[in-house]
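The block underneath contains the structure these notes are about, expressed in C-alpha cells.
Values reported hereafter were calculated over all heavy atoms of this structure, with side chains retained and with hydrogens, waters and symmetry mates removed. When a ligand or atom number is given, it counts from 1 through the structure's own listing order.
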Amino acid sequence: MAVKKELESSTNSGEARTVVSTNTYRQQEEAMSTVTATSPAVGSFCIPRSRGRINMPRFTMTVRSSNAVSAGVAPIMTKLKHDCATPLPLLRHVADAMAADMRAGLAVDGGSDLKMILSYVDTLPTGNEKGLFYALDLGGTNFRVLRVQLGGKEERVIATEFDQVSIPQELMFGTSEELFDFIASGLAKFAEKEGGKFHLPPGRKREIGFTFSFPVRQTSIDSGILIKWTKGFAVSGTAGRDVVACLNEAMDRQGLDMRVSALVNDTVGTLAGARYWDDDVMVAVILGTGTNACYVERMNAIPKLQGHVSPSGRTIVNTEWGAFSNGLPLTVFDKDMDAASINPGEQIFEKTISGMYLGEIVRRVLLKMAAEGALFGESVPEKLSTPFVLRTPDLSAMQQDNSDDLNVVGSILYNIAGVESNLSARKIVLEVCDTIVMRGGRLAGAGIVGILQKMEEDSTGLIFGKRTVVAMDGGLYEHYPQYKRYLKDAVKEILGLEKSKNVVIEHTKDGSGIGASLLAASNSKYEHDF
Ligand code: ADP
Ligand code: MG
C-alpha cells in the first residue's frame with residue numbers, strides 16, 4: 001500500500017493539467033482547457049476546440065424577481081424523467097442482457113453487439129518486472145506518453161514521468177499518416193528528455209506498450225487491425241490496417257528507433273496496472289470520453305477461440321461494451337443525437353453513459369425547454385443551438401454549486417449559452433443534469449454487475465464469494481462525484497448487501513499508462529527472468 005501511494009504521488013505530480021477544482025468555475029475551466037482542448041466531433045458539426053478562458057460576468061446577475069418558469073417546461077421534465085427512469089427491475093434486465101450478450105460474443109465472432117475481443121494478454125504483471133519501459137496512450141481527447149523505471153518486487157516503480165498532448169481537431173479528420181506522424185513526433189520529443197533515474201541497458205531498443213482506445217481486432221500481443229474509429233474520430237486510411245505498423249512507419253519517418261512490444265486496449269492496460277498492486281482485480285472499466293470494460297476470462301469459456309493457447313488458462317477479454325444496446329431507456333434526445341452522429345445506430349451504451357455525450361444530451365433537453373417552455377425567457381439563446389457547446393465537465397461544475405442563488409450555474413449558463421437565468425431556471429437545469437447523469441451512472445453500474453454476474457455464473461463463488469476488485473479509470477468517473485455515487489449505489493442495489501460487500505470498485509489513477517508499460521515489460525522482446 002505504501003508503494004502504491006508513492007506511485008500515485010509520482011503520477012500525480014506531473015498532472016497539473018488534470019487537476020480539477022470545482023471551487024470556482026474559472027479554476028476548473030483553466031484546468032480543463034489543456035485537457036480537453038479537443039472535443040470529439042459528431043457528424044458534420046464543428047465543435048469548438050477550446051473556449052480558452054471564459055469571461056465571468058463582472059456584474060452580479062439579476063435574478064428575476066419572479067422565479068416562475070413557464071408551465072411549458074413541466075411536461076417536458078416529466079416525460080424526460082419517465083423516459084430516463086432506471087428502476088431496479090430495469091437495471092437487473094440490463095445486467096442480465098449484458099451477461100447474455102457477453103456469452104453470445106464469446107461463442108462466435110459477430111454473435112452479439114459485444115465484440116468480446118481477445119487481448120492476447122495471458123499473463124498479468126507479477127511485480128517482478130524490471131527495467132525502463134515506455135507507454136503511449138491514444139485516448140479520445142489526448143495522447144499521453146509515459147516512461148517508467150521498474151525495479152522488481154522490492155523497488156517496484158522507481159520513477160515515472162509523463163507528458164500529455166491534446167490532439168488537434170484537424171487530425172481527427174485527417175489522414176492516418178498525419179495522425180501517426182503527430183504521435184511519433186510527440187514521442188520522439190519526450191524520449192529526448194530521458195535522464196535521471198531512467199536507464200536503458202546497452203544494446204537494447206526502448207520498448208513501448210501502446211494503449212490504443214479504439215476497437216481493434218488483435219492479431220497478436222503486438223499487432224491488431226483497427227475495426228473502426230469511434231468517439232468522433234474519422235481518420236482516413238487506418239481502418240483495416242495494423243495500428244502498430246502505422247506507428248512503426250511513422251517512427252521510421254521520424255528516425256525514432258523504438259519498438260512496440262504490446263498493443264493494449266486502455267481497459268486492458270488499466271486491468272494490468274491495477275493487478276500489479278492488487279491480485280483481486282478481475283475487471284477494469286473506463287468511463288472517460290468513451291467507455292469500455294475488460295475482464296479476466298477462462299480460456300475454456302471462450303468457444304470461438306481457435307488455436308491460441310494460454311499457459312495460464314486465462315486471458316483478458318476486451319468486451320467493447322460501448323456497443324451494447326439491449327433494453328436501455330432512451331429518450332427522443334438520445335435518438336436525435338444518435339441520428340446526427342457519424343455512427344448512427346452504433347455505440348448506444350457509450351452514447352448513453354460516457355463523457356463525450358452527457359453534456360450534449362442535456363443541451364438538447366434545455367434547447368427544447370427553451371423553445372417550447374420559455375425556460376430562459378421569450379427567446380431561445382442562440383448559442384444553445386450549437387451542438388456539443390455544453391460539455392460534461394460543465395454539468396459536473398454546475399452540480400457542485402452549493403450556493404443559495406446557484407450563481408455558478410448562472411455563470412456557466414451565461415458563459416456557455418449567453419443566457420441570463422433566474423433561480424427557477426437554474427434549478428431546472430440542475431434537475432435535467434441530474435436526470436441524465438443518474439441514468440448514465442446507474443446504467444454503468446448495471447453493466448458492471450452484468451460482467452460480474454457472467455463470471456460468477458461460470459464458477460460459483462469466484463466473484464461474490466471472495467473480495468473482487470473492479471478497477472475504474474477515466475475522466476468522467478474521476479471528476480464527476482454524482483456520477484460515481486450513482487454508479488456505486490446501483491451496484492449495491494442490484495447485488496444486495498451480502499454480495500456487494502465483497503465487490504470493491506476502486507479508482508486506478510493512470511493505471512492504463514503504467515499497465516501498458518508493465519505489459520511491454522512482460523512481453524519484452526529481450527530475455528528477461530520475470
Ligand atoms: P480519454 O477518455 O479521452 O482517454 P479521459 O479519461 O481523461 O480521456 O476522459 C476525458 C473525458 O472525461 C472528457 O472528455 C470528459 O467527458 C470527462 N471529464 C473530464 N473532466 C470532467 C469533469 N470535471 N467532470 C465530468 N467529466 C469530466
Ligand atoms: Mg483514456
Side-chain angles (χ1 to χ4, degrees), residues 11 15 17-25 27-42 47 49-50 135-146 162 164-167 169 172 210-214 229-233 264-270 273 284-294 322 347 350-351 353-362 388 390-401 408 412 433 436-437 440-441 444 471-487 507-516:
T11 54
E15 255 237 302
R17 279 163 295 194
T18 56
V19 173
V20 173
S21 152
T22 47
N23 291 343
T24 71
Y25 183 65
Q27 274 175 359
Q28 171 161 19
E29 190 56 39
E30 281 172 1
M32 288 305 302
S33 62
T34 32
V35 174
T36 50
T38 307
S39 306
V42 163
I47 294 158
R49 288 226 322 95
S50 168
L136 199 159
D137 179 345
L138 183 65
T141 311
N142 302 296
F143 89 88
R144 302 179 182 94
V145 279
L146 170 133
F162 76 94
Q164 178 167 301
V165 186
S166 62
I167 303 160
Q169 177 152 34
M172 294 166 64
F210 182 17
T211 305
F212 189 77
S213 320
F214 298 90
W229 289 105
T230 54
K231 297 182 274 191
F233 275 65
V264 293
N265 185 266
D266 55 349
T267 55
V268 177
T270 299
V285 174
I286 305 282
L287 288 158
T289 308
T291 183
N292 193 10
C294 74
Q347 299 294 106
E350 180 160 274
K351 285 171 179 161
I353 72 167
S354 83
M356 174 167 168
Y357 303 99
L358 299 181
E360 172 62 5
I361 303 169
V362 168
F388 290 87
L390 191 61
R391 304 166 317 152
T392 303
D394 300 323
L395 310 189
S396 177
M398 290 197 284
Q399 284 210 267
Q400 313 319 314
D401 184 0
V408 177
I412 292 174
C433 293
I436 299 304
V437 166
M472 308 291 298
D473 202 7
L476 173 62
Y477 184 80
E478 189 180 354
H479 299 302
Y480 209 144
Q482 282 86 353
Y483 187 98
K484 187 190 292 194
R485 203 180 56 235
Y486 285 133
L487 183 155
H507 178 226
T508 323
K509 180 68 195 146
D510 200 42
S512 78
I514 298 276

Heteroatom proximity flag, G288 to ligand 1, N/O under 3.5 Å | no
Sorted by chain and residue number, the ring pair (Phe, Tyr, Trp, His ring centres under 6.0 Å) partners of Y480 (sequence neighbours excluded) come out as none
So for Q482 against ligand 1, with non-hydrogen atoms under 4.0 Å, the contacting part is neither
**Study point:** G475-ligand 1 polar pair, N/O distance under 3.5 Å
**Key:** yes
Of all heavy-atom pairs linking Y357 and E350, the shortest is CD1-O, 3.4 Å
- Heavy-atom check, side chain of D266 versus side chain of T211, under 4.5 Å: yes
In terms of the angle between their ring planes, are H507 and Y477 parallel, tilted or perpendicular, with boundaries placed at 30° and 60°? tilted
Next item on the list: Could you tell me whether the side chains of S213 and N292 share a donor-acceptor contact shorter than 3.5 Å?
Entry: no
Next on the checklist: Quick check: T289 and ligand 1, any N/O pair under 3.5 Å apart?
Outcome noted: yes
### Heteroatom proximity flag, G290 to ligand 1, N/O under 3.5 Å
no
- Item | ligand 1 N/O within reach of T392 N/O, cut-off under 3.5 Å | no
Going by the 4.0 angstrom heavy-atom rule, the piece of S396 near ligand 1 is side chain
